[in-house]
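What follows is a set of notes on a single structure, which appears directly below.
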Amino acid sequence: MPGVLDARDRDSEIHALTTGPLDVLVIGGGITGAGAALDAASRGLRVGLVESRDLAAGTSSRSSKLIHGGLRYLEQGDFKLVKEALRERDLLVSRLAPHLVRPVPFLYPLYKKVVERPYVGAGLVLYDAMEGVKRPVPHHRHLTTRGALRRAPALRPDRLAGAMVYYDAQVDDARYTVTVARTASRHGAHIVTRASAVSLLRDGSRVTGAVVRDEETGRTFDVRASRVIVCVGVWSDLVHSASGVRAGYQVRMSKGVHLVMPRSAISSETGMIVRTSKSVLFFIPWDSRWIVGTTDTEWSGDRAEPAATAEDVDYILREANRVLARPLTRADVLAVYAGLRPLVAEPPAESGVTEKPTTKLSREHVVDTPLPGLASIAGGKFTTYRLMARDVVDAAVADLPGPVPPSVTGQLPLLGADGLPAVRASAARLASDYDVTVEVAAHLIDRYGSLASEVLDLIRLDKALGRPLIDGHPYVRGEVAYAVTHEGALHAEDVLARRVRLLIESSDAGASAAPEVVTIMAGLLGWNRRRRAAELRRYLDYAAANAAALRTPTSPEPLPEATAKVSVPA
Ligand SMILES: Cc1cc2nc3c(=O)[nH]c(=O)nc-3n(C[C@H](O)[C@H](O)[C@H](O)COP(=O)(O)OP(=O)(O)OC[C@H]3O[C@@H](n4cnc5c(N)ncnc54)[C@H](O)[C@@H]3O)c2cc1C
């Protein structure tokens with residue numbers, strides 16, 4: 001059914017990919033690939049997408065989860081990027097995805113009495129001025145020291161010289177990516193996960209599709225397409241070289257680590273952004289948690305599961321403790337996660353020119369058309385995915401015979417955005433109609449927008465699905481079933497890491513919820529006892545590996561005393 005990614009329909013989706021040539025085959029199911037599939041399908045093209053693991057399993061579930069212009073990029077003089085990103089932020093908050101993208105205030109503490117306020121203030125005036133005319137998020141404000149401490153009592157009061165408050169927006173990145181993919185499916189795209197493009201099909205120099213390996217069965221099949229679009233982020237160089245493609249860009253990987261903590265660890269009613277010697281550190285409110293990060297270090301290891309190290313954890317704690325009155329310790333940390341920024345290298349590594357540190361590389365995207373029939377994109381930011389998708393599809397279809405309409409995604413709200421104000425106002429009625437608590441109805445509306453009724457329909461059929469998945473978290477069992485029947489989840493990891501976020505929100509990385517998740521999935525996917533045991537073991541191993549950085553002993557270098565000086569670069 002269009003708009004529904006039912007894991008039980010995977011075989012028929014594979015069949016659809018292989019019968020008759022597609023106009024566009026998208027390789028990669030992160031936000032860029034999902035966005036490209038939506039862009040192309042909503043122009044009326046026949047589209048397929050293959051993703052080697054799960055939607056958003058790469059960088060797109062491991063970001064800071066901000067939809068923002070990026071104050072830091074303003075300081076680096078990246079005005080075009082900031083302006084574009086702010087306009088996108090406003091479009092997503094106000095029209096395209098108000099159910100998923102929400103404004104969030106950030107407090108920027110000031111430490112240099114005379115010089116810093118005018119400097120930061122001017123930056124924020126510019127930041128606000130770069131938005132469009134309709135402003136879905138409030139203007140920045142100046143705060144006195146007392147005002148700053150009232151909003152963020154967690155800050156160390158000594159040397160604090162006031163603060164600024166400005167607004168950006170936040171998103172559940174994995175949920176957003178799945179919703180974009182579902183919206184693409186709503187417009188006819190065929191989406192197949194656990195399917196890797198292993199090489200490109202060629203007719204002379206022209207690319208005519210890809211050889212795809214079904215990672216569930218090991219079987220390979222050909223997918224023919226007039227155009228192939230490569231959206232594989234940090235895997236770009238691998239995908240290009242597997243088919244002997246010399247692309248005009250290379251990707252450098254920069255690892256970013258975040259710590260997740262309970263809200264009680266840091267007393268503040270707003271998010272915070274503080275300067276570090278290398279970059280900035282965000283304290284991002286995340287329901288009943290904080291996400292604190294990030295780091296920015298060159299990476300050349302495993303692309304699929306980049307590991308956070310003990311040093312990464314210590315670095316974040318150390319930088320956070322420079323500004324906090326009560327120092328954080330490892331005991332405060334619930335979870336840690338790492339992601340890889342796909343930064344477009346400039347200049348290419350083989351030129352021998354000294355490379356810039358990854359903190360200084362531009363976050364703009366690059367589109368390349370290295371061969372007829374092939375377009376490839378990397379770089380950019382989650383926030384600007386829609387523009388990236390538009391640009392790469394434009395490049396891919398430029399010489400298709402017959403006219404292709406321009407991108408329409410700027411006028412296309414994502415699934416779940418429809419009728420949102422009325423749905424939000426109806427939480428109590430929905431609760432009584434479906435016999436669930438108002439908290440459950442409100443939670444589902446919060447995460448699925450107007451699609452909440454689809455989850456509630458499952459709960460109506462099986463009352464047990466209305467029960468909490470695990471104590472202390474708002475998720476209900478129906479969300480697990482929905483992840484399979486509507487959101488294409490094939491394994492427990494897909495559910496616990498990306499459809500609900502227990503991998504990063506719970507202190508055991510979702511391990512205690514895993515048996516229930518496997519039981520619900522088994523009922524829908526027909527898993528026998530052996531398969532259930534294998535799925536459970538697979539998830540528990542995954543959860544244990546994710547928690548490893550927190551178990552590693554602290555590095556010998558001591559954490560700074562709470563009285564250490566705040567480093568505020570001029
Ligand atoms: C630490 C960190 C913080 C960030 N914070 C922000 C932020 O707050 N705001 C913001 O706007 N941006 C942020 N970003 C950037 C943003 O997350 C990325 O730009 C974006 O997620 C990249 O998406 P992508 O689709 O290009 O790559 P990915 O999400 O990595 O997707 C590529 C996909 O391709 C698949 N793939 C690879 N090879 C193949 C193959 N052969 N066949 C099929 N599929 C394949 C992979 O499995 C993967 O799912 C952050 C990034 C990091 C690392």
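Numbering of ligands and ligand atoms starts at 1, following listing order.
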| said: Below the 3.5 angstrom mark, is there an N/O of Ile31, backbone or side chain, next to an N/O of ligand 1? | reply: yes
for atom 27 (O) of ligand 1, nearest protein heavy atom and its distance come out as Gly233 CA, 3.9 Å
Across all chains, not counting sequence neighbours, the salt bridge (charged side-chain N to carboxylate O under 4.0 Å, His left out) partners of Asp6 are Arg8
| side chain to side chain donor-acceptor pair (under 3.5 Å) evaluation trace for Asp173 with Ser63 | CA-CA 7 Å; Asp173 46 7; Ser63 76; 2.8 Å; yes
Taking only non-hydrogen atoms of Leu340 and a 4.0 Å limit, the atoms of ligand 1 in range are 53 (C)
Practice prompt. Would you confirm whether the ring centroid of Tyr249 sits within less than 6.0 angstrom of the ring centroid of His240?
Written response: yes
- Query: What is the ring orientation for Phe283 with Trp290, classed by angle as parallel under 30°, tilted 30 to 60°, or perpendicular over 60°?
  - Reply: perpendicular
- Task: Check whether any heavy atom of Lys255 sits under 4.0 Å from an atom of ligand 1.
- Result: no
for atom 50 (C) of ligand 1, nearest protein heavy atom and its distance come out as Ser63 CB, 3.7 Å
min-distance protein heavy atom vs atom 18 (C) of ligand 1 -> Thr59 CG2, 3.9 Å
For atom 24 (P) of ligand 1, the closest protein heavy atom turns out to be Thr32 OG1, 3.3 Å
request  = Would you indicate whether Arg186, at its atom CZ, is surrounded by more than 12 heavy atoms from other residues, nucleotides or ligands within a distance under 6.0 Å?
outcome  = no
(message) What I want to check is whether the side chains of Ser254 and Asp296 have a donor and an acceptor closer together than 3.5 Å.
(response) yes
Validation row, ring centre Tyr385 to ring centre Tyr176 under 6.0 Å: yes
>> Can you tell me if Val234 contacts ligand 1 (heavy atom of the residue under 4.0 Å from the ligand)?
In response: no
Among Tyr385, Trp235, Trp299, Phe282, closest by heavy atom to atom 38 (N) of ligand 1 is Trp235
Only one of Arg447, Arg498, Arg175 passes salt bridge (Lys or Arg N to Asp or Glu O under 4.0 Å) with Glu487, and that residue is Arg175
Counting from 1 in the order shown, the ligand 1 atoms closer than 4.0 Å to a non-hydrogen atom of Gly256 are 1 (C)
For Cys231, the ligand 1 atoms with a heavy-atom partner under 4.0 Å come out as 32 (C), 34 (O)
Of all protein heavy atoms, the one nearest atom 7 (C) of ligand 1 is Leu66 O, 3.4 Å
Atom 5 (N) of ligand 1 sits nearest the protein heavy atom Ser64 N, 3.0 Å
of all protein heavy atoms, closest to atom 23 (O) of ligand 1 is Ser60 OG, 3.1 Å
*Walk me through it: do Glu319 and Thr276 pass the test side chain to side chain donor-acceptor pair (under 3.5 Å)?*
CA-CA 7 Å; Glu319 292 296 338; Thr276 65; 4.9 Å; no
Quick check: does Arg62 get an N/O under 3.5 Å from an N/O on ligand 1? no
Ranked by distance from atom 16 (C) of ligand 1, the top protein heavy atom is Phe382 N, 3.6 Å
If we number the atoms of ligand 1 from 1 as shown, the ones under 4.0 Å from a heavy atom of Val232 are 32 (C), 34 (O), 36 (N), 37 (C), 38 (N), 39 (C), 45 (C)
If we number the atoms of ligand 1 from 1 as shown, the ones under 4.0 Å from a heavy atom of Arg341 are 1 (C), 51 (C), 52 (C), 53 (C)
* Is it true that a side-chain atom of Arg102 and a backbone atom of His99 form a donor plus acceptor pair closer than 3.5 Å? -> yes
